[in-house]
Amino acid sequence: MPTVEIVRFPGSDEFIADNLVLKDCLSTLVKFEGCISSYYGIETEDNRNGYLFVIWETYDHHMKLTKHESYPALLSALKRAQSGPLDVQHVDFDEDAALALSSPATEVVTLVPNPGAAEESKDLVVKLRENLKVQGVCHSVALGESRENKGTWFMLLGWDSVQVHYDAVSKGALPEIIKKLYELNTLGLKHVKLTKYTD
């Protein structure tokens, strides 16, 4: 599976007004060898928070970019969109993340298991995925661990809307599974409406 770069940042006024302030950054990025696609957007819960997802063929392709002579200019172009520091994580997901990223509403979940709770948490995520697949309304549930922060897991889920997400997880065994996940983890949940960048 490819590596997904997840970039989260407080957005600048310029970015909030027009997400395509990222164009100079993205137009450079997509030309690099190994860059499959990129998606950008604003968080639903707090429209001051920006997101950028880059799908790389491999983690090594990303690392080659960081050593390229044009990398400083790319970071400078990205700075126009920021009003604060970047949070950058790289995740190797167990399913195709593009399905979630290209959905009308992308759910971004961070899970940090309590001590000794990692295996039980993973088992619960498997059950969550199985139940959602039976319902047929969630386009994808991808899980992977951050390379930068071992012990921090990301889930990407694709939905037709935020409301469809909340309706789905209120049914059947899902409320109990989700309650248990909250008990066993420090859990963060956000939604983002993403746009796939095309040059």
Next on the checklist: If you apply the rule side-chain contact (heavy atoms from CB on, under 4.5 Å), what do you find for Y40 with L20, and how did you get there?
Outcome noted: CA-CA 9 Å; Y40 61 93; L20 264 179; 3.4 Å; yes
Checklist entry - With side chains defined as the heavy atoms from C-beta onward, is the minimum distance between R48 and D13 less than 4.5 Å? => result yes
Checklist outcome for this item: Grouping ILVMFWY residues whenever side-chain heavy atoms fall under 4.5 Å, the cluster of Y59 otherwise contains M63
Tell me which donor-acceptor pairs under 3.5 Å the side chains of residues 178-190 have, and how far apart each pair is, sequence neighbours excluded?
| from | atom 1 | to | atom 2 | distance (Å) |
| --- | --- | --- | --- | --- |
| N185 | OD1 | S121 | OG | 3.3 |
| N185 | ND2 | S121 | OG | 3.0 |
| N185 | ND2 | L181 | O | 2.8 |

Checklist entry - Does a side-chain heavy-atom distance below 4.5 Å link W153 with K122? => result yes
Please report, to 0.1 Å, the donor-acceptor pairs under 3.5 Å made by any side chain of residues 132-140, with sequence neighbours excluded.
| from | atom 1 | to | atom 2 | distance (Å) |
| --- | --- | --- | --- | --- |
| K133 | NZ | E95 | OE2 | 3.2 |
| Q135 | NE2 | A168 | O | 2.9 |
| H139 | NE2 | D160 | OD1 | 2.7 |

Checklist entry - In terms of side-chain geometry, is the basic nitrogen of K127 or E130 positioned less than 4.0 Å from the acidic oxygen of its partner? => result no
Next on the checklist: Any non-hydrogen side-chain atom of D94 less than 4.5 Å from a side-chain atom of M1?
Outcome noted: no
Next on the checklist: Any non-hydrogen side-chain atom of F9 less than 4.5 Å from a side-chain atom of P85?
Outcome noted: no
Item to check | Closest non-hydrogen atom pair, N131 against A173 | outcome: OD1-CB, 3.8 Å
Checklist outcome for this item: Taken in chain and number order and not counting sequence neighbours, the residues that satisfy side-chain contact (heavy atoms from CB on, under 4.5 Å) with I42 are F15, I16, N19, N47
Item to check | Side chain T58, main chain H61, donor-acceptor under 3.5 Å | outcome: yes
Next on the checklist: Checking R8 now: which residues fulfil salt bridge (charged side-chain N to carboxylate O under 4.0 Å, His left out) with it, not counting sequence neighbours?
Outcome noted: D87
Checklist entry - Got M155 and V125 here, is their nearest side-chain heavy-atom distance under 4.5 Å? => result yes
Next on the checklist: Taking NZ in K196 as the centre, count heavy atoms belonging to other residues, nucleotides or ligands within less than 6.0 Å. Is the count above 12?
Outcome noted: no
Checklist entry - How does the hydrophobic cluster around Y39 look, that is, which other residues are in it when side-chain heavy atoms under 4.5 Å mark a link? => result V4, I6, I36, Y51, F53, I55, V91, F93, L101, V108, F154, L156, V192, L194
Checklist entry - Is the closest side-chain heavy-atom distance between L65 and L29 below 4.5 Å? => result yes
Item to check | Check against side-chain contact (heavy atoms from CB on, under 4.5 Å), D24 and R80 | outcome: CA-CA 10 Å; D24 289 346; R80 285 184 61 195; 3.9 Å; yes
